[in-house]
Every structure is written in C-alpha cells, then in structure tokens.
Amino acid sequence: MITFQSEQEMIDFGEQLAKHMFAGFVMTLEGELGAGKTTFTKGIGKGLGIKKVINSPTFTIVKVYKGNKTLYHFDAYRLEGQNEELGFEEMFEDDGVCVIEWARYIEDILPKERLEVHIIKNEDQTRSFQFEAKGKDYEYVLKEMKL
C-alpha cells in the first residue's frame with residue numbers, strides 16, 4: 001500500500017506508472033466517490049502523452065484519448081445490471097490502455113489478467129492505494145514500480 005498526501009502526488013505517480021504500461025494494459029480502479037480515480041487517471045494520461053483534459057466519463061461511459069498510446073477511460077458505474085453486448089472487449093484487446101472506474105459493475109467481461117487498484121480516502125484527506133496484479137505481466141510492472 002502507498003499513501004499520497006495530495007492530488008499532485010497521485011497525478012505524478014500515475015504519470016510514472018504510465019511509462020510501464022504496455023499494449024493491451026487493463027487497470028481497474030475502485031474507491032468511493034471522490035476517492036481520486038479520475039485524478040489518478042489524469043496522471044496516466046499525462047504519462048501517455050495525452051494533451052486533452054481528462055475528466056470523468058460518467059455520462060458517456062467511455063472516453064477515448066489519443067497520445068503515445070490510446071487511453072480508453074471507462075466509468076462503469078451506470079452499467080450495474082447491464083447485460084447487453086457493449087463492445088468493450090474490443091477495447092480490452094486493442095493495443096491501447098484501458099482504465100476502468102467502478103469495474104465491479106462489469107466484472108463478468110473483464111480480462112482475467114489486469115492490474116486492480118483500490119483507493120481509500122482517509123480521514124486526513126490523504127489517499128491510500130492498494131495494488132493487486134492479476135497475471136505475470138502485471139506482477140512485473142509492480143516489481144518495476146517497487147510496489
């Protein structure tokens with residue numbers, strides 16, 4: 001677990017993590033409202049060379065940003081109980097990077113191999129991140145990041 005004192009620290013860490021992301025990288029983000037999921041994603045976008053402002057895809061479900069790699073930024077919050085074919089699997093298999101907020105709502109279609117991130121909003125307004133690698137490639141990334 002790693003704790004960040006500020007939004008800027010989360011952004012900086014996301015930028016560093018992006019440098020280790022490979023084609024087809026899938027990361028899930030879980031945490032209560034206001035935990036910092038989108039803030040963290042802004043750092044990832046910065047690390048991927050994305051110039052556009054990254055904001056929450058709550059009402060669009062997925063936003064696509066072009067940089068050194070394509071970033072697919074999902075917000076699955078509104079998909080609870082959704083059983084229709086949504087076409088997300090194609091994005092998971094693309095050579096871009098997928099960041100999925102509220103991933104538990106689409107658990108049944110997520111790739112087995114991924115990086116799971118749980119964000120805890122602490123009483124002192126710091127954020128604690130817990131990382132869990134699902135698969136050897138993701139274990140390697142955590143090792144490289146010294147997590």
Side-chain angles (χ1 to χ4, degrees), residues 1-58 60-77 79-80 86-147:
M1 188 171 303
I2 184 170
T3 299
F4 299 104
Q5 303 298 317
S6 68
E7 286 188 1
Q8 190 58 53
E9 284 184 7
M10 291 190 312
I11 290 169
D12 293 345
F13 186 81
E15 184 176 2
Q16 292 305 311
L17 177 59
K19 294 175 182 170
H20 296 275
M21 292 179 163
F22 48 84
F25 196 99
V26 175
M27 181 172 65
T28 63
L29 299 177
E30 291 289 344
E32 65 183 76
L33 287 171
K37 297 178 292 293
T38 299
T39 298
F40 184 53
T41 304
K42 288 178 183 184
I44 292 166
K46 187 175 178 186
L48 295 175
I50 294 166
K51 304 294 184 212
K52 290 180 81 175
V53 174
I54 292 176
N55 49 38
S56 179
T58 300
T60 57
I61 310 301
V62 64
K63 289 187 177 180
V64 180
Y65 300 94
K66 300 289 185 184
N68 301 330
K69 287 184 182 71
T70 300
L71 171 63
Y72 298 99
H73 184 200
F74 296 80
D75 185 327
Y77 187 78
L79 298 177
E80 184 175 16
L86 299 169
F88 294 158
E89 292 90 344
E90 294 171 12
M91 294 177 210
F92 299 152
E93 295 168 4
D94 188 71
D95 61 357
V97 169
C98 293
V99 175
I100 307 157
E101 298 184 23
W102 303 99
R104 68 178 171 262
Y105 294 120
I106 58 170
E107 179 76 32
D108 56 332
I109 65 167
L110 291 174
K112 288 188 187 338
E113 294 195 5
R114 60 186 183 257
L115 179 61
E116 294 182 349
V117 182
H118 302 274
I119 305 173
I120 301 161
K121 184 177 176 183
N122 301 311
E123 287 183 22
D124 63 359
Q125 299 308 306
T126 61
R127 304 298 192 269
S128 295
F129 282 52
Q130 182 176 357
F131 297 87
E132 184 177 353
K134 303 275 186 168
K136 290 185 191 290
D137 291 336
Y138 297 95
E139 289 171 7
Y140 180 78
V141 168
L142 292 185
K143 183 178 174 188
E144 288 294 300
M145 294 288 298
K146 298 180 174 42
L147 295 171

Return the [atom1] to [atom2] distance between [X] and [Y], rounded to the nearest 0.5 Å.
X: Lys37; Y: Arg127; atom1: NZ; atom2: CZ; value: 9.5 Å
X: Glu139; Y: Lys134; atom1: CD; atom2: NZ; value: 10.5 Å
X: His20; Y: Leu147; atom1: NE2; atom2: CG; value: 9.0 Å
X: Thr70; Y: Leu48; atom1: OG1; atom2: CG; value: 9.0 Å
X: Lys51; Y: Lys46; atom1: NZ; atom2: NZ; value: 9.5 Å
X: Thr126; Y: Phe4; atom1: OG1; atom2: CZ; value: 10.5 Å

Using a 4.5 Å cut-off on heavy atoms from C-beta on, say whether the side chain of [Y] contacts that of [X].
X: Ile44; Y: Ile54; value: no
X: Glu30; Y: Glu116; value: no
X: Thr28; Y: Glu107; value: no
X: Phe74; Y: Trp102; value: no
X: Thr41; Y: Leu71; value: yes
X: Phe40; Y: Phe13; value: yes
X: Asp137; Y: Phe25; value: no
X: Leu17; Y: Val141; value: yes

Does any N or O in the side chain of Lys42 come within less than 3.5 Å of the main-chain N or O of Glu15, such that one atom is a donor and the other an acceptor?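 Not a single qualifying donor-acceptor pair exists.
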Is Lys63 atom NZ crowded by more than 12 heavy atoms from other residues, nucleotides or ligands, each under 6.0 Å away?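 Buried by this count: over 12 neighbours within 6.0 Å.
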Tell me whether the count of non-hydrogen atoms from other residues, nucleotides or ligands lying under 6.0 Å of OH in Tyr140 goes above 12.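 Atom OH in Tyr140 is not crowded, with 12 or fewer foreign heavy atoms closer than 6.0 Å.
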Which heavy atom of [X] sits nearest a heavy atom of [Y], and at what distance?
X: Thr3; Y: Glu9; answer: O-OE1, 4.3 Å
X: Ser56; Y: Asp75; answer: OG-OD2, 3.5 Å
X: Met27; Y: Met21; answer: CE-CE, 4.0 Å
X: Val97; Y: Phe22; answer: CG2-O, 4.2 Å
X: Met91; Y: Cys98; answer: O-SG, 3.4 Å
X: Met1; Y: Ile120; answer: CE-CD1, 4.2 Å

Gln8-Asp12 side chain donor-acceptor pair, cut-off 3.5 Å: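 Indeed, the side chains of Gln8 and Asp12 share at least one donor-acceptor pair under 3.5 Å.
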Apply the side-chain contact (heavy atoms from CB on, under 4.5 Å) test between Ile100 and each candidate in Tyr105, Phe92, Tyr72; give the one that qualifies.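 Result for side-chain contact (heavy atoms from CB on, under 4.5 Å) with Ile100: Phe92.
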Where do His73 and Thr38 land on the side-chain contact (heavy atoms from CB on, under 4.5 Å) test, with the steps shown first? CA-CA 9 Å; His73 184 200; Thr38 299; 4.2 Å; yes
